[in-house]
Amino acid sequence: NADIAMYRAKSLGRNNYQFFAPELDIQAHRRMSLELQLRRALEKGEFELFYQPLVTIDDGAIVGAEALIRWRHDEVVVSPNEFIPLAEDTGLILPLGEWVIRTAAAQASRWRHEGHELSVSVNLSPRQFVGQDLVTLLCSLIDAGEFEPGRLYFEVTESMVMGDLAQTQKIMGALRDLGIKFYLDDFGTGYSSLSYLKRLPIDGVKIDRAFIKDIVHDQDSREISSAIVSLANTLHLAIVAEGVETPLQRETLLNMGPMIIQGYLASRPVPASQFGLLLESGRIDWTK
Ligand code: C2E
Ligand code: MG
Ligand code: MG
Ligand code: MG
């Protein structure tokens, strides 16, 4: 009977509505309040950059630092995975990303004045790449003496360079001319279109932690890593292995040739002051 069917659909609809509505409301509310909190956090200076060393696999020399953002909020340290996606969605990533670049560049020049030769890398969101005048920002940093060409790396992902290739080439080319270098981050997890490696001014690849994790026991992971290393060597690209946690992982990678490693084995990401102590000690001692 058509009337009954109609009635059922309506009541079902109403029930669904009643069931889902408060839920949606809470989610939207959470999102809005988180967005508001993020904006305030930027004004209040609650963001902080942690730094994780990039070290040569053989002698443990610290050659670089990756800047990784943290949010100190109500005495807890919030991970970027919790807020970067929302910052990207809302556009807040533009002022936030600018703050990251300025802060990391200033820290790099401070370390250099203290006599430490290292590069600092920052992660870029796709949106920053197109929505922000990075060239003008970097020119102002160069004028202020806050960045030495060749010492600042931008970490980009394959998804970022996937879009408009001509536009990407133009921006990356202009940045390269200013002395910016590029790492292709999380390499191997994305589309890994090898043509990008030739067409874009990439200086190095960071092998994703997903491959390093099982490198000791899983032959596939080992072969993929080894293939990435050969490819990078052929193209004269620097190699960074991400997420190296154990001495055995380091030994396995050591057999593949020279590279840079980053991971808990050397150090977790630490506040700038603590990173300064690592620099004073000079290198990571693998025998400890
Ligand atoms: P990513 O750029 O791939 O950074 C590496 C992540 O791996 C960091 O997580 C780091 O703490 C973690 N990691 C390093 N070594 C090890 C290890 O040995 N074991 C394990 N399990 N993890 C390790 P984190 O700091 O939570 O950052 C997560 C992601 O958030 C980053 O991935 C990056 O994509 C993004 N991110 C961080 N800071 C920024 C930023 O300033 N701007 C933007 N746009 N994204 C950022
Ligand atoms: Mg990175
Ligand atoms: Mg990565
Ligand atoms: Mg990542």
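It should be emphasised that the depicted structure is a prediction, and the values quoted were computed from it without experimental measurement. Every number for a ligand or one of its atoms is a count from 1 in the order of the listing.
- The name of the N, O or S atom in E155 nearest to the Mg ion (ligand 2) is OE1.
- For ligand 1, the polar-atom distance check finds no N/O of E88 at less than 3.5 Å from any of the ligand's N/O atoms.
- Looking only at side-chain heavy atoms (C-beta outward), W286 and L254 stay at 4.5 Å or farther from each other.
- Short contacts between ligand 1 and G263, defined as distances under 4.0 Å to a heavy atom of the residue, involve ligand atoms 15 (N), 18 (O).
- Using a 4.0 Å cut-off to heavy atoms of Q52, the atoms of ligand 1 that qualify are 14 (C), 15 (N).
- Neither the backbone nor the side chain of K206 comes within contact range of ligand 1; no heavy atom lies under 4.0 Å.
- Looking at E66 and the Mg ion (ligand 2) together, the shortest N, O or S contact belongs to OE2.
- Between E245 and K213, none of the side-chain N atoms (NZ, or NE/NH1/NH2) sits under 4.0 Å from a carboxylate O, so this pair counts as no salt bridge.
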Donor-acceptor contacts under 3.5 Å from residues 58-74 side chains, at least two apart:
residue, atom, partner, partner atom, Å
D59, OD1, T56, OG1, 2.4
D59, OD1, A61, N, 3.3
E66, OE1, K206, NZ, 2.9
E66, OE1, Q262, NE2, 2.7
E66, OE2, N123, ND2, 2.8
W71, NE1, E46, OE1, 2.8
R72, NE, E48, OE1, 2.5
R72, NH2, E48, OE1, 3.3
H73, NE2, Q37, OE1, 2.9

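- Contacts with ligand 1 closer than 4.0 Å are made by no heavy atom of D208, backbone or side chain.
- At a cut-off of 2.8 Å, N123 coordinates the Mg ion (ligand 2) through an N, O or S atom.
- Other residues, nucleotides and ligands place no more than 12 heavy atoms under 6.0 Å from the CD atom of Q219.
- The existence of a salt bridge linking E35 and R39 is confirmed by a sub-4.0 Å separation between a basic side-chain nitrogen and an acidic carboxylate oxygen.
- Among the atoms of D208, no N, O or S atom is found under 2.8 Å from the Mg ion (ligand 3).
- The aromatic rings of Y51 and W111 lie perpendicular to each other, with more than 60° between the two planes, well past the 30° mark.
- The shortest non-hydrogen separation linking F275 to V270 is N-CG2, 3.6 Å.
- Remark: among candidates A241, P80, A67, the nearest residue to atom 24 (P) of ligand 1 is P80, based on non-hydrogen atoms.
- Near E245, meaning under 4.0 Å from one of its heavy atoms, ligand 1 places the atoms 17 (C), 18 (O), 19 (N), 20 (C), 21 (N).
- Of all atoms in ligand 1, listed by their number and element, those nearer than 4.0 Å to a heavy atom of D186 are 3 (O).
- Here the shortest heavy-atom pairing between Q128 and I101 reads NE2-CD1, 4.0 Å.
- The shortest non-hydrogen separation linking E88 to R127 is O-NH1, 2.8 Å.
- The shortest N or O to N or O distance between L68 and ligand 1 is not under 3.5 Å.
- Annotation: side chain of V240 is not in contact with side chain of Y153 (no heavy-atom distance under 4.5 Å).
- Taking only non-hydrogen atoms, the option from F47, Y264, F83 nearest to atom 13 (N) of ligand 1 is Y264.
- For the pair OD1 of D185 and OE1 of E242, the angle at the Mg ion (ligand 3) is about 100°; rounding is to 10 degrees.
- Put simply, no part of R268 is less than 4.0 Å from ligand 1, judged by heavy atoms.
- Of the N or O atoms in N123, one or more lie within a sub-3.5 Å distance of an N or O in ligand 1.
- The name of the N, O or S atom in D186 nearest to the Mg ion (ligand 3) is OD1.
- Considering both main-chain and side-chain atoms, Q262 never comes within under 3.5 Å of ligand 1 through any nitrogen or oxygen pair.
- Listed by first and then second residue, the ring-ring contact (aromatic ring centres under 6.0 Å, His included) pairs involving residues 159-179 amount to none (not counting sequence neighbours).
- Test L248, I239, I57, V229 against L253 for side-chain contact (heavy atoms from CB on, under 4.5 Å) and you get one pass: I57.
- Here the OH atom belonging to Y183 is positioned 10.5 Å from the CD atom belonging to E242, to the nearest 0.5 angstrom.
- Against a heavy-atom cut-off of under 4.0 Å, V100 is close to the following atoms of ligand 1: 41 (O).
- A 4.5 Å side-chain heavy-atom check between I224 and I228 finds at least one atom pair inside the cut-off.
- At a 4.0 Å heavy-atom cut-off, ligand 1 touches S125 through backbone and side chain alike.
- Of all the heavy atoms of E242, the ones lying under 4.0 Å from any atom of ligand 1 belong exclusively to the side chain.
- Heavy-atom contacts of D185 reach the following atoms of ligand 1: 1 (P), 2 (O), 3 (O) (cutoff under 4.0 Å).
- A heavy-atom separation below 4.0 Å is not found between V122 and ligand 1.
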